[in-house]
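Okay, so here's the structure we're looking at.
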Amino acid sequence: MTAYIIRRLLFLIFVLFGVSVLIFGLLMTFSPERRAAVYVTTPQQAKDIPKLVKQYGLNDPVPIQYARWVKEVASGNLGWSLVAARPVAKAFWSYFPTTLELNLLASPLVIIVGIWLGTLAGVHRDTWIDHGTRIGAIVGWSLPTFLFALVLLMIFYGYYGLFPPGIISSDTSLWVINNPDKFTRYTGMYTIDGILNGHLWVTWDALNHLVLPVLTQVIVVVALLMRVMRSGMLEELSRDYVITAKAKGADAHTINIKHARKNALIPVITVAGQLVALSMEGSIAVEVVFSRQGMGWWLAHSATQLDMPVLMSVCMFIGVVFVLSNLIIDIMYAYIDPRIQLQ
Amino acid sequence: MAKLLETKNLVTNFYTYEGSVKALDNVSISIDHGETFGLVGESGCGKSVTVRSVMRIIQSPGVIEGGEVLYCDDAEHPEQCEDLLIKSEEAMRELRGDRISMIFQEPNAALNPVLTIGEQVAESYMFHRQRSMSRQILADVESGKISFGIFSPLLKWAYRRASENPRAPALRLMSKLPLLKLWGRPMRREAVNRSVGIIERLGISNAAELVTRYPHNLSGGMKQRIVIAIALACNPTLLIADEATSNLDVTIQAQILELLQDLKERRAISSVLLITHDLGVVAETCDRVGVMYAGILCEVADVKTLFNNPVHPYTRALLNSVPRFCVEGELATIEGSVPNLVHPPAGCRFHPRCKAASDICKQEKPKLVDLGNGHSVACHHIDEKIGE
């Protein structure tokens with residue numbers, strides 16, 4: 001088991017190398033002048049572009065530029081983010097908690113609701129429960145996320161003034177900034193920091209802002225997970241061991257939960273793991289519509305402004321998340337499926 | 001002998017996209033207490049559907065459309081029969097695995113891959129033997145064999161309740177609450193202990209270690225024995241063996257048939273309903289035999305009559321197609337193939353393949369006619385066939 005984990009972590013190095021070469025190569029297709037121009041803000045500075053190109057060696061051969069970048073990254077310097085106006089590493093720690101906060105609430109909900117609804121739909125096949133969840137899934141999956149988010153925002157915030165967008169209300173945010181002695185940002189997540197500092201009203205305020213983003217995320221992601229769970233349940237319920245259990249005298253609950261669901265969960269773990277990993281880099285639509293400055297928001301703005309250090313770092317981060325999530329999925333597999341042994 | 005199980009005009013259909021498959025057409029068989037009844041026929045002739053209809057474990061899209069399944073548990077009071085088809089699902093659950101149980105043909109598929117062997121065998125006891133297990137645990141506690149420390153009063157109360165009524169609301173509530181639900185643990189341990197016992201009785205020496213393993217750790221023959229252990233756990237009155245030996249090699253097959261015979265002699269089980277397509281197994285083990293073809297019952301007779309004096313053309317053809325050492329020349333086969341049961345042939349379902357078929361066979365369904373001595377045949381040409 002340990003050997004397996006170590007082997008998979010070594011594999012991470014290759015993944016990171018591959019991802020970085022790919023993104024680096026992609027960015028190298030822009031001309032050196034174009035890349036330098038990103039850092040120029042006034043017309044007067046435009047004449048400095050050739051100087052910048054020369055100063056930062058943007059005309060050097062690509063491998064040399066890549067080697068230079070790797071050296072800097074290895075020493076902990078991920079570059080400067082224009083969008084955040086901060087070093088990338090520092091900016092990461094201010095954006096990532098926002099995304100993490102959303103996912104800490106949304107992911108368990110997605111998994112629980114998805115598995116529960118999928119099981120229900122599979123057990124009550126072709127009844128109104130099945131049809132209802134199917135319609136819900138089609139709507140949730142086919143409507144664009146941003147549209148869904150906008151509709152929710154319009155209904156709840158627009159008409160009723162509930163659940164405002166943003167991360168936290170401006171009053172609270174001001175109070176937090178003005179009272180650093182009373183409120184320490186341990187995690188960067190207002191909900192958790194509120195509890196840790198004993199100011200539950202901050203947590204309450206942050207939760208109010210989280211309702212709609214979490215709801216959007218859950219509805220969109222649950223739709224897929226639920227369908228996978230349903231088809232898994234249907235497949236398992238038609239297996240022979242279900243008849244064996246029935247012939248033993250098992251009741252419907254034992255058959256559905258103890259026998260069929262345990263088997264149906266195996267493929268669902270993969271999908272659920274991937275979905276959670278995917279949402280860790282932030283849903284762009286959710287974060288932009290609800291103006292939450294998280295990973296997705298950062299990535300979207302960096303991409304439009306050609307903020308190259310950010311694009312590189314975020315892509316590397318995505319690579320790390322995917323390798324780690326696959327590793328966790330594999331370990332969970334070994335726990336739930338006795339036929340699998342990691343070696 | 002007293003009757004144990006009788007199906008009367010059992011009709012089961014499967015509603016598929018191509019149309020309704022008429023899998024069983026008025027099947028009537030009867031099995032006595034202490035009897036081994038063999039059900040033979042080609043694949044897809046409705047043997048499995050018959051026994052699954054008896055236990056009411058037909059899977060969707062199958063529906064039992066009509067008929068009766070009379071079950072008489074008490075040999076002394078043959079008048080106290082109950083129709084299984086009109087019993088409530090809950091009452092059926094109590095019957096399945098306890099009074100009637102089934103051995104399945106595909107041991108690889110019949111066991112749940114993610115549950116341990118112990119857990120799967122123990123389920124039989126957990127479904128049907130909670131009362132007696134609770135009584136035993138209570139007795140063990142009182143005699144000081146096992147002790148629960150400070151939880152003793154609580155657990156004693158729980159098991160006293162469980163020995164009266166294992167489904168008492170209070171116990172069901174307890175099973176749902178955190179920590180308190182641990183009350184059932186000693187019972188589960190007892191169920192696994194009993195599982196070890198039954199597996200050992202099937203001639204497996206390392207049963208205590210086996211119950212912690214998963215199905216994929218076991219060989220095919222071993223798995224088949226586990227499937228048998230599940231069926232035998234509660235000493236059923238009727239054991240249905242659905243092709244129990246078909247996928248095993250000959251030596252294990254013989255062992256398992258011997259085992260069934262032995263269990264019958266020791267009165268662990270009363271009657272056996274053996275489904276097979278192997279006529280050798282039938283001749284070896286059965287008292288009476290029913291021959292099925294395309295969802296109908298063609299002929300029923302005791303095993304000697306059937307082999308020595310078969311009447312139905314299908315039975316004759318079936319017996320002729322068994323390879324023999326002493327006969328030279330090409331093996332006899334039955335022309336044609338099994339009909340599509342969405343549109344079964346009108347009249348006698350065997351007529352397209354029958355050499356003796358006449359006009360009446362194409363129009364009218366033959367009725368099962370009793371020839372005496374428990375020998376019945378469904379054929380329009382009985383008179384010509386007898387004594388041939």
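Just so it is clear: chains get the letters A, B, ... in the order the sequence lines come, proteins before strands, and each one is counted from 1. Note that these values count all heavy atoms, side chains included, but never hydrogens, waters or copies made by symmetry. Everything numeric in this text was worked out from a predicted model, so none of it was measured.
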For A/F11, I'd like to know if atom CZ has over 12 heavy atoms of other residues, nucleotides or ligands within 6.0 Å. no

For A/R239, is it the side chain, the backbone, both, or neither that has a heavy atom closer than 4.5 Å to a heavy atom of chain B? backbone

Given a strict heavy-atom distance threshold of 4.5 Å, which part of B/R52 is in contact with chain A: side chain, backbone, both, or neither? side chain

Whether B/Q59 side chain and A/L237 backbone form a donor-acceptor pair below 3.5 Å: yes

Would you check, one step at a time, whether the test side-chain contact (heavy atoms from CB on, under 4.5 Å) holds for B/F104 with A/I243? CA-CA 9 Å; B/F104 291 89; A/I243 307 187; 3.6 Å; yes

Taking every heavy atom of A/D337 against every heavy atom of B/V114, the minimum-distance pair comes out as OD1-CG1, 4.3 Å

Chain A contact via B/E94 - which portion, at a heavy-atom distance below 4.5 Å: neither

Where do B/S124 and A/K248 come nearest, in terms of heavy atoms and distance? OG-CG, 3.5 Å

Nearest 0.5 Å, what's the CG-NZ distance between B/N112 and A/K258? 9.0 Å

If one checks every heavy atom of A/I266 against chain B at 4.5 Å, the contacting part turns out to be side chain

Largest heavy-atom contact set with chain B, pairs under 4.5 Å, which of A/A250, A/A252, A/A260: A/A250

Testing the basics here: between B/H128 and A/G249, what is the closest heavy-atom pair and its distance to 0.1 Å? NE2-CA, 4.0 Å

Around A/W128, counting heavy atoms of other residues, nucleotides and ligands shown, do more than 12 lie under 6.0 Å from its CH2? no

Among the listed options B/E123, B/Q120, B/M55, B/E90, the residue most often paired with chain A at heavy-atom distances under 4.5 Å: B/E123

Counting neighbours of CE on A/M332 that are heavy atoms of other residues, nucleotides or ligands and sit closer than 6.0 Å, is the number greater than 12? no

Closest contact, heavy atoms only, A/P338 versus B/P113: CG-O, 3.4 Å

Verdict with reasoning, A/T254 to B/M126, per side-chain contact (heavy atoms from CB on, under 4.5 Å): CA-CA 11 Å; A/T254 308; B/M126 291 304 287; over 6 Å; no

Please report the closest heavy-atom contact between B/L111 and A/Y241, naming both atoms and the distance. C-CB, 3.7 Å

